[in-house]
Amino acid sequence: MRVLATAAGSFSLAVFAANCIPLLEGALLPLSCALAALCAVALLCLRGRARVRGALICGGLALGLLWTAAYGAVFYAPARALDDRTIRLSGTVMEYPQETDYGWSVLVRADGEPGAPVPTLVYADEQGADLRPGDRVETVAHCTLAERTFGGEEITYYTAKGIFLRAEAYGELRVTRPERLPLRYLPAELAHQLKQGVDAAFPEDAAPLIRALTTGNRDNLTDHYTSSLQRTGLSHTVAVSGMHLSFLAALVSGLLGRGKRRSALVTCGVVLVFTLISGCTPSVVRAAVMLILLQLAALLGRERDPLTALALALMLLLAWNPFSAAHIGLQLSFASVAGILLFSDRLQERMLRGWKRPPKDSIPLRLLGALVRFGAAALSATLGAMVFTTPLTALYFGSLSLISPLANLMTLWAVSAAFSGGLIAGAAGAVLPELGRVLALPVLPFVRYLDWVVPRLARAPFAWSKAMPALCPIVLAGFWYLYRQTLLPRFWYQHQQELYLAVWTMAGVLALLPCLKRRHWGMLLPVLAMMLACLGFRGMLAYPQVYSLFSGSLMEEKAEMSTQYYLRFGQPSEELAVAALLVAAVYLLCCFLRVEWVPAEQKGRQEPEES
């Protein structure tokens with residue numbers, strides 16, 4: 001039993017529930033006490049593994065709720081005390097300022113109650129342009145809680161990043177600069193130097209993409225290119241995350257060979273250095289925590305358990321800031337890594353099944369084999385990451401790019417080369433600009449390739465939200481294929497048809513929501529026709545086996561078996577998979593033809609059609 005994974009997962013689940021279920025906001029302490037009591041009951045009354053499992057789950061849930069309540073009382077209460085007040089604000093600048101439409105914004109560690117500073121995003125005029133990390137500032141400012149906009153709309157973006165207050169500065173901004181940069185602000189200074197090194201090493205048209213790949217700063221990317229990244233499902237390539245650190249880890253492993261302990265030690269060092277250089281942004285920190293915990297098993301000589309490391313990393317990050325549970329970036333990061341860990345290896349094995357390694361004396365065949373293995377690894381990783389991120393993407397953004405697997409396959413190798421080479425050239429350019437320009441030369445072809453291929457992939461007919469419901473037939477066929485894999489819980493056999501109808505209903509709702517939200521009225525009829533066709537999947541089932549209520553096992557069906565003790569259940573035939581693909585293909589054809597029906601009274605005021 002995974003003891004650490006169970007405890008960490010329970011803690012994280014409680015933190016997610018406390019942040020995502022509004023009804024729990026005022027009941028965290030009573031619920032934590034009740035769960036602590038259940039933990040004590042489990043220790044006293046249960047035996048064996050049930051005792052340990054029950055205590056870990058109840059104890060983890062109780063601790064998660066208690067920690068969320070305590071964090072809000074200790075760290076968020078000072079921000080609440082300053083809400084909707086005009087004060088004399090003083091504090092220390094934490095990052096370099098960012099230019100906005102109305103001036104400059106800068107993150108300040110504002111002085112609150114003793115021992116409880118408040119991370120505050122201060123909006124200033126041109127006086128804020130020359131601020132540096134470590135500067136002491138003082139000004140008059142009107143404060144607003146970061147959990148809502150200035151107009152009063154509730155948001156979670158800032159609190160999830162650890163920013164609890166926003167302040168609009170008025171009048172003079174007094175600045176006191178220290179003689180030496182405090183050590184705690186070194187990461188922000190290193191990130192700034194890396195950005196300047198990239199600008200010095202690369203041409204003006206290539207620097208924005210390299211800066212986005214190495215630091216996550218997308219301010220200088222054009223709106224057209226940013227939109228193309230979103231439509232092709234490649235936005236994650238310019239948000240520094242676990243993928244980029246995985247590139248570094250792979251580079252270290254390739255240079256140091258297969259010495260696990262030595263490779264793990266150097267990988268941890270490289271990850272820490274990169275985290276500092278990138279400015280210790282939340283996305284980089286959570287990726288670094290995940291990767292370092294995965295390397296600890298090799299350092300300590302223990303068996304590697306990725307799921308336990310993932311659960312522990314999530315618990316540590318939520319303990320640092322429970323409000324980050326509401327951040328879509330954290331959810332997508334862990335969802336993608338979990339999908340890769342659970343499914344990618346199996347997918348890659350099936351893709352390469354039957355592929356024989358070429359002889360060592362044939363260089364062309366070995367190169368071909370390397371390309372095949374890389375393609376299988378990239379495609380399986382992309383598909384594995386999409387298992388859990390697809391529902392989140394549909395829920396938050398109401399869109400999905402079906403061209404994403406192909407786009408990732410065509411670009412990830414170039415992204416890896418551009419990131420690794422750009423990081424080296426940028427670091428060199430910060431010290432010696434001439435050396436940086438030389439090191440940037442081999443990286444430029446990869447940048448040019450990305451600039452060329454991404455906008456063209458974005459113009460593909462299936463790179464938009466209308467195509468998202470085409471996944472419904474695949475998902476519904478996958479439900480039936482579960483009954484061919486392994487033994488399922490008894491409930492699944494007793495209520496097979498009812499479960500399918502529930503899954504069918506949820507899939508139908510998720511398929512209709514994007515059409516209704518974006519007013520794609522012409523796609524309602526194809527979606528409804530597709531869902532009705534999916535109901536016909538029940539007629540493509542075979543019944544070769546039964547479920548025994550006595551032994552809880554599967555048996556071949558025989559004529560003399562009583563239905564009172566043996567449950568008949570359907571298993572998918574070969575025709576079902578073909579039918580699911582055919583239904584999805586027909587729907588995609590409707591998307592391609594842009595079936596459009598608009599009521600006469602709405603003509604002329606509909607939204608522009610996506611191309």
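The basis for the numbers below is simple: all heavy atoms, side chains too, and nothing from hydrogens, waters or symmetry mates. Throughout, numbering of the chain's residues begins at 1 and tracks the sequence. Keep in mind the model is a prediction, meaning the values are calculated, not measured.
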Hey, can you pull the donor-acceptor pairs under 3.5 Å for the side chains in residues 427-442, sequence neighbours left out?
from: Arg437; atom 1: NE; to: Ala200; atom 2: O; distance (Å): 3.3

* Asked: So which pairs with a foot in residues 404-433 pass salt bridge (charged side-chain N to carboxylate O under 4.0 Å, His left out), sequence neighbours left out?
  ->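 Every candidate salt bridge (charged side-chain N to carboxylate O under 4.0 Å, His left out) pair involving residues 404-433 fails, so no pair, neighbours aside, qualifies.
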* Asked: Which salt bridge (charged side-chain N to carboxylate O under 4.0 Å, His left out) pairs, counting each pair once, include a residue from residues 443-455, with sequence neighbours left out?
  ->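 Applying salt bridge (charged side-chain N to carboxylate O under 4.0 Å, His left out) to every pair that reaches into residues 443-455, excluding sequence neighbours, yields Asp205-Arg448.
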* Asked: Which residue pairs pass the side chain to side chain donor-acceptor pair (under 3.5 Å) test when at least one of the two sits in residues 187-198, sequence neighbours left out?
  ->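 Sorted result for residues 187-198: Tyr96-Glu189, Glu189-Gln193, His192-Gln196.
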* Just by distance, do the side chain of Ser324 and the backbone of His327 share a donor-acceptor pair under 3.5 Å? ->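 Absent.
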* Asked: Is a donor on one side and an acceptor on the other found under 3.5 Å between the side chain of Asp125 and the backbone of Trp104?
  ->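 Answer holds: no.
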Could you tell me which non-hydrogen atom of [X] sits nearest to which non-hydrogen atom of [Y], and how far apart they are?
{"X": "Thr275", "Y": "Ala288", "answer": "OG1-CB, 3.4 Å"}
{"X": "Arg109", "Y": "Tyr185", "answer": "CD-OH, 4.4 Å"}
{"X": "Val454", "Y": "Tyr225", "answer": "CG2-OH, 3.7 Å"}
{"X": "Val198", "Y": "Ala207", "answer": "CG1-O, 3.8 Å"}
{"X": "Leu89", "Y": "Ala167", "answer": "CD1-CB, 4.1 Å"}
{"X": "Asn321", "Y": "Ala160", "answer": "ND2-O, 3.3 Å"}

Atom pair [atom1] ([X]) and [atom2] ([Y]), whose distance is rounded to the nearest 0.5 Å:
{"X": "Ile163", "Y": "Thr120", "atom1": "CD1", "atom2": "OG1", "answer": "9.0 Å"}
{"X": "Thr232", "Y": "Met410", "atom1": "OG1", "atom2": "CE", "answer": "10.5 Å"}
{"X": "Ile292", "Y": "Cys268", "atom1": "CD1", "atom2": "SG", "answer": "5.5 Å"}
{"X": "Thr214", "Y": "Leu209", "atom1": "OG1", "atom2": "CG", "answer": "9.5 Å"}
{"X": "Tyr123", "Y": "Thr100", "atom1": "OH", "atom2": "OG1", "answer": "7.5 Å"}
{"X": "Leu107", "Y": "Met94", "atom1": "CG", "atom2": "CE", "answer": "5.0 Å"}

* Decide whether Arg166 and Thr144 meet the rule of one side-chain donor and one side-chain acceptor closer than 3.5 Å. =>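 No donor-acceptor contact under 3.5 Å links the two side chains.
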Side chains of [X] and [Y]: closer than 4.5 Å at any heavy-atom pair?
{"X": "Phe446", "Y": "Val415", "result": "no"}
{"X": "Thr156", "Y": "Glu147", "result": "no"}
{"X": "Pro203", "Y": "Leu444", "result": "yes"}
{"X": "Arg136", "Y": "Ser90", "result": "yes"}
{"X": "Thr92", "Y": "Val108", "result": "no"}
{"X": "Leu581", "Y": "Ile474", "result": "yes"}

* Taking atom OH of Tyr157 as the centre, report whether more than 12 heavy atoms of other residues, nucleotides or ligands fall under 6.0 Å from it. =>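 Counting other residues, nucleotides and ligands, OH of Tyr157 stays at 12 neighbours or fewer.
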* To do: Could you tell me which residues satisfy side chain to side chain contact (heavy atoms under 4.5 Å, CB included) with Thr226, sequence neighbours excluded, listed by chain and number?
  =>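 Partners of Thr226 by the side chain to side chain contact (heavy atoms under 4.5 Å, CB included) criterion, ordered by chain and then number, come out as Leu221, Gln230.
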Output side-chain donor-acceptor pairs under 3.5 Å for residues 171-183, partner residues at least two apart or in another chain, one line each.
from: Arg177; atom 1: NE; to: Asp135; atom 2: OD1; distance (Å): 3.1
from: Arg177; atom 1: NE; to: Asp135; atom 2: OD2; distance (Å): 3.3
from: Arg177; atom 1: NH2; to: Asp130; atom 2: O; distance (Å): 2.8
from: Arg177; atom 1: NH2; to: Asp135; atom 2: OD2; distance (Å): 2.9

* Verdict with supporting geometry, Arg211 and Asp199, side-chain contact (heavy atoms from CB on, under 4.5 Å) -> CA-CA 8 Å; Arg211 186 190 300 178; Asp199 291 339; 2.5 Å; yes
* **Leu317 vs Val289, side-chain contact (heavy atoms from CB on, under 4.5 Å): CA-CA, chis, key distance, verdict** => CA-CA 8 Å; Leu317 291 171; Val289 170; 4.2 Å; yes
* Asked: Can we call the ring centroids of Phe164 and Phe323 under 6.0 Å apart?
  ->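 Yes; Phe323 has its ring centre under 6.0 Å from that of Phe164.
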